[in-house]
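Reading through the structure tokens given below for one structure.
Note that this is a predicted model, so its numbers are computed, not measured.
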Amino acid sequence: MNKNDIKTLQDLVVKSAECYGNKTFLKEKKGSNIIETSFSQLCENSRKVSSFLAEKSEGKKVHAALIGSTGSAYLTAYFGTSCSGNVIVPLDAQMKEEDLCDHLRRSDSEIFFFDKKFSSMLDTIKNGCPQVKTFVSLQELEGETGLPQILESYEPMNWNTLDPESLAAILFTSGTTGVSKGVMLCHRNFIDNTMCQDNESTPDDVLLSVLPVHHVYCFTCDILLSLRYGAEVCVNDSMMHIAQNLKFFRPTLMLLVPMIAETIYKKIKAVADSDSSLDINDIARAVFGGNLKGIYSGGAYLNPKLSEAYRGFGIPIAQGYGMTECSPRISTAHLDDENSESIGTIVNGCEVKIVDGEIWAKSPSVMIGYYKNPEATKETLTEDGWLRTGDLGYVDSKNHLYITGRKKNLIILSNGENVSPEELENKFSGLDWLSEVLVYAEDGMITAEVFPNQEFVNENGIDKAEELFRNHVQEINKTVSPAKAVRRMRIRETEFNKTTSKKIRREQALKGELIK
């Protein structure tokens, strides 16, 4: 595939069908069966959805919301919408009904594609979102239009050429500090991020797709990159089944977040600890199916010790960095790069500069702005196109990017000292007794608040967790300046309030019990 010929999502879908044809693009489990979708089938089915949309909208451009999980039906609705010049609005499958209705209204969605497991919400949506005129179940559902019916009844649409600058999708941020914002990404944004690096995959690669597809991280790096390179995407149908799916699909590459990578590592280590005759490297390779060449990590801090442990297994794990507003990649992971402290090297075509400690990025991947929110757009984008990421960091002489914290979370002490809570929180990463941690200032003192691992507490008691907490804080304080030392400790009885993407809502975090 000549990447210079690809300007829009439509181009990518069409060219992938031409290049890879009947080769399997997607594998997914349906009960005891494996359903396969080829590159050509995806293109043809997407064209059929486009014909349906053209009829329902009477040829006008519409916004269509979509909720569900990775699969042929989901991607057909996605590309059938975006490749025909309409706007897709992927929604978080973990949202509450009221938030779902809010996003449907704020995105001006008139069509709603939904997995039938969300059918219990339909009455609420129909009553609360009168602008939604058409409902389409991704599976057959009595009383509703179903995608299978559309694929049987409609002929493939002949797509008109799209403007790369035209709006392709509205993706809502997780809203950790307030109301979520609708990120507007045009076709150029998606394609630039898909084409910004080379030789990242091959037609022989098999990916196990684990992460939520409504996130641009998964959509770009699992789906769009596989369309470009002709790789095969296998769907992990449930986090409860990830172990058996790894053995069944035997992937060569995976995209993970650190939390999942750490969970798998702990299980590997537990098996090795239970039987000294077993080699931990053999266990790891068997767990991942035997073919895994490497793991790409993003979305959160990756502990360098975890990265080193995976490299010891012969499975390199490397991290990149980005955000929805940049489609998402700003820096990218390289499996052969042993710099585990950085968050990768800056991708081709992206400029990065540090302004008052904050990372600013400029590239063709940067969003158009926030939908119907000019104030937030102005706060985030400069007039000459720089994206203020909100992250603090620096770039070294080899183009490696590093993050030290979030600007909005920066703690400014009475003596003028700036303290990044993330820098201290990262020092708690990988502890068996710990589930969650939050660092903040209270009464002018740096405070660490933790929610212990409940399995550890049940086995060892809360007193043991408190002892380990104290000891670890003492070790941390030896490694930082006196201004950054943790002076107050709190232990919680309940989890922190989190977003659906499992990020702690700092402004809503309730304090636990103070350890005297």
Side-chain angles (χ1 to χ4, degrees), residues 173-181 299-303 321-323 325 330-331 341-343 352-361 370 375-382 386-396 401-429 434 436-451 469-470 472-492 496-499 503-516:
T173 59
S174 58
T176 57
T177 58
V179 178
S180 59
K181 298 184 286 289
Y301 172 75
L302 177 67
N303 191 322
Y321 160 71
M323 54 197 302
E325 288 86 343
I330 293 173
S331 66
E341 298 287 343
S342 82
I343 51 172
V352 168
K353 65 180 179 180
I354 309 301
V355 180
D356 296 329
E358 182 183 7
I359 299 169
W360 286 21
Y370 296 116
E375 295 82 8
T377 299
K378 189 175 181 179
E379 290 176 2
T380 305
L381 294 180
T382 66
W386 286 93
L387 171 68
R388 302 179 178 100
T389 68
D391 289 311
L392 303 172
Y394 62 95
V395 182
D396 70 12
L401 186 60
Y402 301 79
I403 284 185
T404 57
R406 286 289 288 170
K407 184 177 181 179
K408 65 185 178 184
N409 299 334
L410 199 63
I411 298 170
I412 303 177
L413 300 176
S414 57
N415 63 359
E417 185 85 21
N418 291 347
V419 179
S420 169
E422 291 88 354
E423 179 185 351
L424 294 171
E425 289 164 1
N426 291 342
K427 293 179 180 292
F428 285 88
S429 176
L434 180 65
E436 300 169 0
V437 60
L438 191 70
V439 172
Y440 54 90
E442 182 180 64
D443 300 330
M445 290 185 282
I446 300 297
T447 303
E449 185 168 341
V450 301
F451 176 59
F469 185 16
R470 292 178 191 274
H472 192 69
V473 166
Q474 290 175 1
E475 292 303 311
I476 288 174
N477 288 346
K478 293 177 183 177
T479 67
V480 299
S481 66
K484 295 181 179 181
V486 175
R487 302 299 184 189
R488 179 172 286 180
M489 295 176 287
R490 291 185 179 273
I491 198 159
R492 297 176 63 87
F496 288 100
N497 188 356
K498 295 185 286 295
T499 68
K503 295 178 181 178
I504 295 174
R505 297 182 186 272
R506 288 181 179 268
E507 80 287 354
Q508 295 181 10
L510 300 176
K511 298 180 180 64
E513 295 301 318
L514 180 66
I515 296 180
K516 302 295 184 183

With sequence neighbours excluded, tell me which residues meet salt bridge (Lys or Arg N to Asp or Glu O under 4.0 Å) with Arg488.
Glu442, Asp443

Just verifying a value: how many Å separate Ile504 CD1 and Glu449 CD, rounded to the nearest 0.5 Å?
9.0 Å

Among Lys503, Lys498, Arg505, Arg490, which one satisfies salt bridge (Lys or Arg N to Asp or Glu O under 4.0 Å) with Glu436?
Lys498

Spell out, as yes or no, whether a donor-acceptor pair under 3.5 Å connects the side chain of Asn303 to the backbone of Ser429.
yes

Can you give me the closest heavy-atom contact between Thr380 and Tyr370, atom names plus distance?
OG1-CE1, 3.4 Å

The single option from Thr447, Asn426, Ile446, Ile411 that satisfies side chain to side chain contact (heavy atoms under 4.5 Å, CB included) with Pro421 is Ile411

Taking all non-hydrogen atoms of both residues into account, name the closest pair between Lys427 and Thr479 and its distance.
NZ-OG1, 3.7 Å

Rounded at 0.5 Å granularity, tell me how far OG1 in Thr389 sits from CD1 in Ile403.
7.0 Å

Shortest non-hydrogen pair, Met489 vs Val473, comes out as SD-CG2, 3.5 Å

Hey, does Thr173 have a side-chain heavy atom less than 4.5 Å from the side chain of Glu325?
yes

At their closest point, which heavy atom of Ser420 faces which heavy atom of Gly405, and how far apart are they?
OG-CA, 3.2 Å

Gap separating the CD1 atom of Ile343 from the CD atom of Glu341, nearest 0.5 angstrom
12.0 Å

To check you understand the geometry: which heavy-atom pair defines the closest contact between Ala448 and Phe428, and what is its length?
CB-CZ, 4.1 Å

Does Val486 reach the side chain of Val439, with side-chain heavy atoms less than 4.5 Å apart?
no

Is there a side-chain contact between Lys484 and Glu423, using heavy atoms and a 4.5 Å cut-off?
yes

Aromatic plane relationship, Trp360 with Trp386 - under 30° parallel, 30 to 60° tilted, over 60° perpendicular:
tilted

Point-to-point distance, once rounded to the nearest 0.5 Å, from CZ of Phe469 to CD1 of Ile491
6.5 Å

Check whether any side-chain heavy atom of Leu410 sits under 4.5 Å from a side-chain heavy atom of Val419, and report yes or no.
no

Once rounded to the nearest 0.5 Å, what's the spacing between atom CZ of Arg470 and atom CD of Gln474?
8.5 Å

Is a side-chain N or O of Glu358 found less than 3.5 angstrom from the main chain of Lys407, in a donor-acceptor match?
no

Taking 4.0 angstrom as the limit, do Glu375 and Lys378 come out as a salt bridge?
no

Are the side chains of Glu422 and Tyr301 in touch, meaning some heavy atoms are under 4.5 Å apart?
no

Rounded to the nearest 0.5 Å, what separates atom CG in Leu381 from atom CG in Leu387?
6.0 Å

I want to check something: taking the side chain as every heavy atom from C-beta on, are Ile359 and Ile354 in contact at a cut-off of under 4.5 Å?
yes

For Arg506 versus Leu438, what's the shortest heavy-atom pair and its separation?
NH1-CD1, 3.3 Å

